[in-house]
Amino acid sequence: MFDRQKKGDRAVLVLPHSRGDGDTARRAEEFAELVKSAGAEVLGVISARVEDPNPRYYIGTGKANEVAEAARALEADLVLVDHVLTPVQERNLEKHLGIRVVDRAGLILDIFAQRARSHEGKLEVELAQLKHLATRLVRGWTHLDTQRGGAIGNRGPGETQLETDRRLLGERVKMLTKRLEKVQTQRGQQRRARLRNTVPRVALVGYTNAGKSTLFNALTTGDVYAADLLFATLDPTVRKLEDLSCGPAVLADTVGFIRELPHDLVAAFRATLAEARDADLLLHVSDAADEERERLHHVVDKVLEEIDAGDVPQLHVMNKIDLAGTEPRIERDGTGKPVRVWLSAATGAGLDLLRQALGELLGGERVQSALQLPLSAGRLHARLKAAGAITGETVDEHGWQLRIDAPRSVIAPLGGNPTETQLLRQLLAVAE
């Protein structure tokens, strides 16, 4: 339904900003990278001061005229606006300029449509596109009659093309939603299988282009596509992580985050981002050479909150130290716990320190101990077995003698009554 045009990607960029924006240059650079990732050719850039957004065009009328003149002079095919426009503003700008107008949300959706490779990723992108398109259908059919009826002299031609498209779009959204629900169920089963194997789960998160995929390949000898582009990879990839002092773990590479990520896209990618939400530990990757890395930390944390992953423990990874001119090292808190690792995924410097930190954190979160359960605790025994926490057991007239090996986060919530909870507390206390 959304084939990209083979021609027509010569663009004029419009960069709105206000007096309070302290990162105008960074925003302009990031938007240019987005345009590059989409495959468009930049013909010109126009900055627009917007203190009080124009409800008609978002930018002022004078600036809209300036953009129109530049687009005609440069023979541009489209105008890309670094802001989320309302459907009315987008439609009015298109009418005023006489060429296609794509806002920030539409541009990001276009990039995602190009990069999605898995069945799940394609479904999620199409669903987000349809939701974005739903409020913009009218712009393609303004020449048609609207549907009328109900009184003499006021009867219309029946269902118009616009109404037909809206109905078909709604049916397609319902179908995609059902398919995604099925995919979510399948992914949930896969995650539960990993949990039963009691393998710790680690997920890479971070601002896009921070080097997550490069780090993923360096740690797992994987073959995930990595390039100096925004959203170089979209689909989650899971590999086994070996050579840790705590034993093997599962590492997942997820989609990168970005400022003003379209809400529909975040909602649609909840299944993909569930790798982050269900992880035992997040590796929050940042570009150590980026002067604004602290601000980007907050952007990533905000998205993690949106997908209910804000409470998952994090280890910060400061990547690209070869560009920042610093040495590999581990930073620890007052208790000696690793909180930040400085490394270069491209050169390999500091990767051994990251493995050391992972071993400490995941080993400390894992419970490996013996547990004796009375025969009256049959339900707790069943829950421990279903969670994959039991690696060995014997039974006699006194009850079960179990060998437990599982993440602390899995065992802690399994108690169903005070007696069971007390047994688990004793187990966790012994394991500390």
Side-chain angles (χ1 to χ4, degrees), residues 1-17 24-48 58-59 67 70-71 74-85 87 89-90 93-94 97 99-118 121-133 136 139-140 206-213 224-235 254-266 268-269 272 296 299 303:
M1 293 183 66
F2 296 96
D3 293 335
R4 283 175 52 79
Q5 297 184 17
K6 299 302 181 183
K7 299 180 180 179
D9 286 334
R10 293 160 45 87
V12 171
L13 310 188
V14 178
L15 307 177
H17 64 90
T24 304
R26 172 59 185 257
R27 291 171 65 100
E29 179 183 351
E30 182 180 278
F31 192 63
E33 287 296 321
L34 280 175
V35 174
K36 173 185 173 183
S37 296
E41 177 186 356
V42 178
L43 302 180
V45 179
I46 297 177
S47 180
Y58 183 75
I59 58 177
V67 173
L74 297 171
E75 298 182 353
D77 303 306
L78 76 159
V79 169
L80 300 173
V81 182
D82 186 21
H83 197 276
V84 178
L85 303 177
Q89 290 167 343
E90 187 174 316
L93 268 178
E94 283 200 337
L97 303 177
I99 57 176
R100 280 185 298 142
V101 173
V102 179
D103 67 355
R104 181 182 178 85
L107 179 63
I108 293 175
L109 286 169
D110 184 271
I111 296 171
F112 273 51
Q114 295 181 60
R115 303 284 166 77
R117 292 292 179 267
S118 70
K122 291 177 180 178
L123 288 178
E124 289 173 328
V125 169
E126 184 179 353
L127 181 60
Q129 284 183 312
L130 287 173
K131 290 181 177 180
H132 183 73
L133 181 66
R136 289 162 166 78
R139 67 181 182 177
Y207 207 77
T208 186
N209 208 26
K212 295 185 304 302
S213 295
V224 173
Y225 176 67
D228 187 22
L229 291 172
L230 300 186
F231 303 120
T233 53
L234 294 182
D235 298 310
T254 64
V255 63
F257 302 153
I258 196 170
R259 171 180 56 87
E260 297 175 16
L261 192 64
H263 179 74
D264 285 341
L265 203 54
V266 173
F269 269 76
T272 301
L296 302 184
V299 174
V303 178

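Computation of the quantities below employed the complete heavy-atom set of this structure, encompassing side-chain atoms and omitting hydrogens, waters and symmetry-equivalent molecules.
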The side chain to side chain contact (heavy atoms under 4.5 Å, CB included) partners of V102 (sequence neighbours excluded) come to L78, L80, L107
Taking C-beta and beyond as the side chain, do H83 and R104 meet within less than 4.5 Å on heavy atoms? no
Side chain to side chain contact (heavy atoms under 4.5 Å, CB included) against L74, all qualifying residues, sequence neighbours excluded: V12, L43
On a heavy-atom basis, which atom in E90 and which in V101 lie closest, and how many Å separate them? OE2-O, 3.5 Å
Do R27 and L15 have side chains that get closer than 4.5 Å, going by heavy atoms? no
In short, D9 meets R100 closest at the heavy-atom pair OD1-NH2, 4.1 Å
Within the 4.5 Å heavy-atom criterion, are D82 and L13 side-chain neighbours or not? no
Any L93 side-chain heavy atom under 4.5 Å of V79 side chain: no
Minimum-distance pair of heavy atoms, taken over all atoms of K212 and G206: CD-N, 3.5 Å
Can you confirm whether E75 sits close enough to I99 that some side-chain heavy atom of one is under 4.5 Å from a side-chain heavy atom of the other? no
Nearest heavy atoms of I46 and A70, plus distance in Å: CD1-CB, 3.7 Å
Can you sort out the partners of L296 under side chain to side chain contact (heavy atoms under 4.5 Å, CB included), two or more places apart, ordered by chain and number? R26, Y207, D290
